[in-house]
Amino acid sequence: MRKSLILAALLIGQMTFAAPKIQQVEPLCWWTNMTTPLTLLFHGEDLADAQVSVQQVVKGKAMRGACLGLVPTGQHNAESPNYLFVNMDVNQPGTYRITLKKGKKKATYDYVINERRAGSRERHSFDASDVVYLIMSDRFVDGNESNNSTKDTREKANKADVNGRFGGDIQGIINSFDHIAKLGCTAIWPTPMLGDDEAAWSYHGYACSDYYHIDPRYGDNALYAKMVQLAHEKGLKILMDMVPNHCGAAHWWMKDLPYPDWINQFPEFTNTNNVFTANYDINASQYDRQLSNRGWFDKPMPDMNLENPDLLKYFQQWAIWWIEFADLDGLRVDTYPYIERIPGSQWLKAIREEYPNINIVGECWTRPAPAVAYWQSGTKNFDGFDSNLPTVMDFPVEEAIRQALENDGTGWGNGLTRVYDAMTMDYMYADVNKLLTFLGNHDMARITDIVKDKDPRRVKLAYVLLATMRGIPQLLYGDEYAMTADGDPNSHSLLRMPLPLGDAVTPQMQDMFDFQSKLFQWRKKEPVLHFGKTMHFIGGRDNTYAFFRYNDKEAVFVFANAAMEARRIPTKTYAEILGNYNAVGFNPLNGELVDLNRTDIEVPALSTVIVKLTK
């Protein structure tokens, strides 16, 4: 018996003193003067219980003696023996050699602490004065054909396969800055560019295999940071699309999870029920509520469990790292309500504590307005919940505009009455200026495919509404050319085709671009459209819609006629607000004077009138 105990002790000793090997250290670097404490994730072989020490590196050599610049303050293991989490006190910039020692064997890693750039904490973000341009990163523009396929990624470029990778990249975005700026857009939202190493369907980027590195088929981290810098020089902002709800099945940690509950696991594959209303439904079962947050979005997308405190910390640092490293202007969060609700709020809270002025928009794909408003920070929710999400996507108004223009709008409650009804819900939101408004995105049929007969007049009418209503307008790349999905409007792959370039741009496409460019360039110069109040008029339920955006000094009047016949503007109806301004203004799209004292102003079918008014 005694010999067995001695042998067991020797075996334990052999395991304890195996040579540690470091394969990943995340975050990749850090900065001085950060609000967020630093916890390093070490992954490799046999890292549990390693002794941690730090020495400063000067001219390539580790200095002896106490290191005050980067000081370990605590550590803990994961359930896998191949992870170690180390808390660090950051005091000075420099390079530091971190040693993990077990017995007489050790592994080292040189870690860099940078000096934080001046004004980083107070950075200005995007707001209602901006227009956001949404890009499907792999499909937009191929600016560098040499990186379309790489040795270290599984799926290769195949432009003959509608579901394959097409080679869009960071250089293609950089090459398109002038086009985007000419359109009148001021911010760019590319879909995720981080590593996505699925064997197929990897082009969409929403199955992340590496949270800290740009996919090499787009470029690298340095080129991404350069893209942001060059965008700023052009007066453009960059938003990063982040996906904390799920990773990709090809992520390196899926072969060795730190904890079994790092992801939400089931005996067999279990989809989310997509019922995230269960988060606030007082009648919801616990079964539905749990399945909403814990079910997997898809088989290649393991659902992350942010209730694990180490994972929550990991994601907080991840978002902050990219903002600081790349000098980002804001974030877009994918599938936000699918995240565990309270940890999701804590994730955003940490980001906003580091960057008090940052704007973050979340995809809360639901309707009606009360269901969307629940997720906007500042909403007085019955359960006291605050998401810490400043901006939400305005799916109710998007749906109303599309439904209003997909037919002739005849019948009670149809046509532009839908838009009026959707706008009556504005009282539900904490801040209507922090609604991302849009006509379509990369997950839904393009607006030209939706409107009746693909009529460009209807498309232009929709864009006038988008440009002049409250909120932050977002355009989907290609819609400036009235792009359509050839063959199947509902096919994600077909609606995500490359941007037409050169001779592929027809006169009809150019006409649509010129219209939108004039519209959104004008919007840039009108603060009343950015932050003014709204007063709207339902009219005679004749498929028209009128509204004023106004402040104490000026107003913009918009009259939209979606009917198949000409309509007269009922100017007397607007006396309560029109009397506050000079009723003679100008139409910014054609420069013509418009006298709203007249009662015989006729607006042609499927068109709009805009009038800028001053006191």
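Below, each value reflects all heavy atoms present in this structure, side chains not excepted, and no hydrogens, waters or symmetry copies. Sequence positions, counted from 1, serve as the residue numbers for this chain.
Taking the six-membered ring for Trp and thresholds of 30 and 60 degrees, Trp321 and Phe325 have nearly parallel ring planes, at less than 30 degrees apart. Classification of the Phe395-Trp365 ring pair by plane angle, with boundaries at 30° and 60°, yields parallel. Ring geometry for Tyr338 versus Phe297: interplanar angle over 60°, hence perpendicular rather than tilted (30 to 60°). Between Tyr83 and Phe85, the two ring planes are parallel [angle under 30°; tilted spans 30° to 60°].
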- Task: Determine, step by step, whether Glu398 and Arg367 satisfy the salt bridge (charged side-chain N to carboxylate O under 4.0 Å, His left out) criterion, reporting the C-alpha distance in whole Å, the side-chain angles of both residues, the deciding distance to 0.1 Å, and the verdict.
- Result: CA-CA 10 Å; Glu398 164 268 321; Arg367 306 171 184 92; 2.9 Å; yes
- Query: Please walk me through it: do Tyr224 and Tyr218 pass ring-ring contact (aromatic ring centres under 6.0 Å, His included)?
  - Reply: CA-CA 9 Å; Tyr224 183 87; Tyr218 296 127; 9.7 Å; no
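Looking at every heavy atom in both residues, Tyr206 comes nearest to Pro192 through CZ-CD, 3.2 Å. Residues Val459 and Val451 share a closest heavy-atom pair of CG2-CG2, 3.8 Å. Closest of all the heavy-atom pairs between Ala78 and Pro258 is CB-O, 3.3 Å. Of all heavy-atom pairs spanning Gly184 and Lys524, the tightest one is O-CD, 3.6 Å.
In this structure Asn264 satisfies the side-chain hydrogen bond (donor to acceptor under 3.5 Å, both in side chains) test together with Arg294, Asp303, Glu340, sequence neighbours excluded. With sequence neighbours left out, Gln24 forms a side-chain hydrogen bond (donor to acceptor under 3.5 Å, both in side chains) with His43. Residues passing the side-chain hydrogen bond (donor to acceptor under 3.5 Å, both in side chains) test with Thr186 are Asp130, sequence neighbours excluded. Under the side-chain hydrogen bond (donor to acceptor under 3.5 Å, both in side chains) criterion, Asn271 pairs with no residue, sequence neighbours left out.
Between Asn381 and Thr379, the side chains place no donor N or O within less than 3.5 Å of an acceptor N or O (distance only, hydrogens not considered). Side-chain contact annotation: Asn87 with Thr39, donor-acceptor N/O pair under 3.5 Å present. No donor-acceptor contact under 3.5 angstrom links the side chains of Asn114 and Trp30, judged on distance only. In summary, the side chains of Glu324 and Ser120 do present a donor paired with an acceptor at a separation below 3.5 Å, with no hydrogens or angles considered. For Thr35 and Glu353, the side-chain atoms include no donor-acceptor pair closer than 3.5 Å. When only modelled atom types and interatomic distance are considered, Arg289 and Asn293 share no side-chain donor-acceptor pair under 3.5 Å. Checking Asp329 against Ser125 by side-chain atom types alone, no donor-acceptor pair falls below 3.5 Å.
Exactly one of Leu475, Val132, Leu134 qualifies for a side chain to side chain contact (heavy atoms under 4.5 Å, CB included) with Cys185. That residue is Leu475.
Pairs passing the salt bridge (charged side-chain N to carboxylate O under 4.0 Å, His left out) check and including a residue from residues 369-391, sequence neighbours excluded, read Arg341-Asp383. Applying the side-chain hydrogen bond (donor to acceptor under 3.5 Å, both in side chains) test to residues at least two apart or on different chains, the pairs with a partner in residues 422-436 are Asp426-Arg470.
The pair Asp443-Arg496 counts as a salt bridge, with a side-chain nitrogen and a carboxylate oxygen less than 4.0 angstrom apart.
With Tyr203 as the aromatic partner, Arg139 meets the cation-pi criteria of under 6.0 angstrom to the ring centre and within 45 degrees of the ring axis. Cation-pi check for Lys299 over Phe269 is met; the charged atom lies under 6.0 angstrom from the ring centroid and within 45 degrees of its normal.
Listed for the Ser137 side chain is a donor-acceptor partner under 3.5 Å among the backbone atoms of Thr191. The backbone N or O of Gln346 sits less than 3.5 Å from a side-chain atom of Gln316, completing a donor-acceptor pair.
Two rings, from Trp253 and Tyr314, have their centers less than 6.0 Å apart.
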